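Below is one structure, written out as structure tokens; the observations come after it.
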Amino acid sequence: MILRIVVGLGLTVIAFAIAGRRVWWLKRLAFSGQSAPERVAYAKEHLAGEVKTQLAEVIGQRKLLKWSVPGGAHAATFWGFIVLLLTIIESYGNLFSRTFAIPGIGHWAFIGFIEDLFAVGVLAGIVVFTVIRLRDNPRKEGRRSRFFGSHTTAAWVVLALIFLVIASLLVYRGAQQNTGVFPYPDAWAFASWVIAQALHPLGYGVNSVLEVTFILLQLAVVLAFLVVVTYSKHLHIALAPLNIMFSRRPNALGPLEPMRSKGKVLDFEEADPDTDVFGIGKIEDLTWKGMLDLGTCTECGRCQSQCPAWATGKPLSPKQVILDMRDHAFAKAPYLLASSDEAREKLPEAVKAEAERPLVGTKAGNGVIDPDVLWSCTNCGACVEECPVDIEHIDHIDGMRRHQVLIESAFPAEAAVMLKNLENKANPWGMAEGRRADWITELDFEVPVVDGKIGAGVEYLFWVGCAGALDDRARKTTRAIAELLHTAGVTFAVLGPAEACTGDPARRLGNEFVFSMLAQRNVETLNDAGVKKIVASCPHCFNTIAREYPQLGGNYEVIHHTQLLARLVEEGKLKPAGKVEEKITYHDPCFLGRHNKVYTPPRELIDAVPGTTAKEMHRCKNRGFCCGAGGARMWLEERIGKRINTERVEEALALDPDTVSTACPYCMVMLGDAVDAKKASGEAKQTLEVIDVAQLLVRSVRSGSSRAEAVSTREEDPPDPPAAGLRPAR
Ligand code: SF4
Ligand code: SF4
């Protein structure tokens, strides 16, 4: 007995010493990052909500279970390990007494049953994981595998360790049944009972040896697992609850956070590039929450599997961004944690070289993150939406973009024109500000332009947006919305030439300075005008005004046009009576859907139009596939891989629709361009249209007519003025 106590406790001390040292090192590394007092303050203020989140996300495995098979296997393994903590207590108790039982519950038949049930559940879980990993093998599947780029050897080691934990557990429990020291009624622990039947012929003596040996083996495997966890991706077992607790709420979609330095929002007038942190320029510019993200990644590849950039052959994988940053943080850690410059000097050359490595490389290479990776992101949010441990990929990517733009002046050349236009003309195309009101002259009713204060009887400020005012396709949507609001008797006004770009393209590109300039101007205009309620047609404007302008003191009730129109239809103020007998598929704009969870109103509008047949694309709603324009990609060339808009339109064409509808001017441009290309190549019918749902609705409300009539009604729209140079180069 003494020997097994010495071995058992000796192994425990060694394992805890190794794991503890590693945990201390990890903690020091995480806190070598910047402070994030806002995350702690939020978690403290919303403690009740945090408990609920932990119950849903960690205990309930909510996000994981969205992928039913791997999610079910993970839940079985996770819940199994919680229940099996009881068996670890029993193993330690058995070191001191063969007849040990947990005080109070240690002889309950139900506990014996539950322990075996979950042991079998864990075994089933690892069988499923094994099959998934064999079928989705990155060596065979290449980029199509979600495990491409993951550390697969470590994953196999962990699966083997989990198997050994359960196998050794069942063997020692079976042997205990044969030696008569098992604390529960034998048959209730059904899996152990089966093993006991197999071991029974070996006799009491052999079973006694097996009992002790496998108790020690089980403890050894559990302790090895503990050590492996602290050195592998399985760190997520400990870090996921923390990462989820300190994540942005409701999630890291929607607004970007303001730039912070040393825990405070950066004031551009006082900031000093030499002492302040401008975005993420080196790994230690991450906050401790950012560092926590790196350590928490499970390498599951869910984010990668949903990323439109990855799916179309670009070098960006959100998983790989996190893993590359993590590998770099670990390799640079001795440098970051060294106590003095002298200590740094004595570090191995490889560590010093890693410390010198730029976080974002140049075209010549050497960087941790390749510039083509950084600039491929559309900010679509699919990665954030999918990540089961709430990693905030967009914050990392846009944080690095901020540093590249503001400090290094390193960004795709074609974006410079857009930024200059924003600074000089307050719209990305550099068109004269007076042209913003041109569309009003094309209507046969008056639209008031705010001059000073918004009128007392005016309910909404209609935020038209740059595209809505200046882009040919989007202007048709703008006119349709105005006509529908007018028809429904909704009072509204516009800012006209006083409206400036919300700053979204600049912010998503990383130019926080230009964003602040435009946003402050707009907030001042809106506040001076006494605006309370805004209807926006562009999801990017909608997201920026509703969720980012509060960071600058702009607080308004903002609604997207599809939400308002759906309400007007429901209230009977708009009557879509005209039949439109068409097969329609709806494309979810990322900044309306995933970022702001507006999925239903656009679909309600399509359904409200008589005669329509709605067909969903395979990738829709929260799994919708980006058009390729977000994250300022609208203004950048797409030189690598397949075009994202082509991929999306091909998915739509598979349904043979008459119309592709959407609710975003960016999506209209991207999908429209791709459809035009398909028409030119004969792959799409010439009658296929890309329209906003507001255009569909106005046809029905206006005419009560057939498609032919509706089209001819649309053709009565006045011609758009020439818009040379309106489109970015593609
Ligand atoms: S935001 Fe979209 S494009 Fe960017 S990394 Fe995530 S999934 Fe990929
Ligand atoms: S970032 Fe999240 S979704 Fe992507 S691999 Fe890591 S844990 Fe999985």
Side-chain angles (χ1 to χ4, degrees), residues 57-58 61 63-64 66-67 70-71 74 136 138 143 145-152 154-155 232-237 239-240 243-244 247 251-254 256 290 292-327 369-370 372-401 508-510 588-591 593-595 619 622-634 636 638 640-641 644-645 647-648:
E57 302 293 337
V58 181
Q61 305 269 286
K63 271 190 165 179
L64 281 153
K66 284 204 273 181
W67 291 42
H74 192 277
D136 197 6
R143 283 174 65 103
S145 166
R146 70 182 167 99
F147 301 114
F148 186 91
S150 300
H151 298 100
T152 47
S232 71
K233 76 185 185 89
H234 282 77
L235 256 181
H236 77 266
I237 294 171
L239 297 187
N243 205 50
I244 290 169
S247 286
N251 54 30
L253 295 171
L256 280 182
L292 198 57
D293 270 2
L294 308 188
T296 309
C297 177
T298 70
E299 306 187 19
C300 68
R302 283 168 164 80
C303 55
Q304 180 173 288
S305 72
Q306 302 299 310
C307 175
W310 184 255
T312 52
K314 293 164 183 66
L316 165 64
S317 149
K319 174 182 76 178
Q320 207 57 54
V321 167
I322 299 298
L323 297 189
D324 287 347
M325 289 171 78
R326 176 167 82 192
D327 291 348
I369 304 294
D370 188 276
D372 282 334
V373 167
L374 192 66
W375 298 109
S376 290
C377 178
T378 67
N379 278 209
C380 73
C383 47
V384 178
E385 175 80 21
E386 283 302 325
C387 182
V389 292
D390 284 1
I391 286 170
E392 300 167 341
H393 314 73
I394 295 179
D395 291 357
H396 295 297
I397 289 170
D398 287 0
M400 286 187 274
R401 285 184 175 188
R508 298 282 160 177
L509 191 82
D588 286 283
C590 301
F591 277 78
R594 234 175 346 249
H595 281 277
R619 292 177 282 198
N622 65 344
R623 291 253 171 94
F625 192 81
C626 182
C627 72
R633 288 285 332 163
M634 174 92 169
L636 307 180
E638 194 172 340
I640 307 172
I644 294 176
N645 57 349
E647 168 85 6
R648 184 53 162 168

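When a ligand or atom number is given, it counts from 1 through the structure's own listing order. Positions are given from 1 along the sequence. Model, not experiment: these values are computed from the prediction.
- Each of the following atoms of ligand 2 lies closer than 4.0 Å to a heavy atom of C297: 1 (S), 5 (S), 6 (Fe), 7 (S).
- Annotation for ligand 2: atoms under 4.0 Å from non-hydrogen atoms of E299 are 5 (S), 6 (Fe).
- Each of C307, P308, L316, P318, C377, T378, N379, C380, G381, A382, C383, I394, I397 has a non-hydrogen atom positioned under 4.0 Å from some atom of ligand 1.
- Using modelled atom types, no side-chain atom of R302 and backbone atom of W67 make a donor-acceptor pair closer than 3.5 Å.
- Residues H151 and K233 have side chains not in contact (no heavy-atom distance under 4.5 Å, counting atoms from C-beta outward).
- For the residue pair K319 / S317, no side-chain donor-acceptor distance below 3.5 Å is found, with atom types taken as modelled.
- No salt bridge links E386 with R146; every basic N to acidic carboxylate O contact stays at or beyond 4.0 Å.
- Residue-ligand proximity, V389 to ligand 2, at heavy-atom distances under 4.0 Å covers atoms 7 (S).
- Using a 4.5 Å cut-off on side-chain heavy atoms (C-beta onward), V384 and E392 make no contact.
- Side-chain atoms of H595 and I394, non-hydrogen and from C-beta on, do get closer than 4.5 Å to each other.
- The residues R623 and E385 are annotated as not salt-bridged, no charged nitrogen and carboxylate oxygen being separated by less than 4.0 angstrom.
- Evaluation of the ring-ring contact (aromatic ring centres under 6.0 Å, His included) rule for W310 yields F148 as partners, not counting sequence neighbours.
- Atom numbering of ligand 2 starts at 1 in the shown order; those under 4.0 Å from a heavy atom of T298 are 6 (Fe), 7 (S), 8 (Fe).
- Listed by number with element, the atoms of ligand 2 under 4.0 Å from a non-hydrogen atom of G301 are 5 (S), 8 (Fe).
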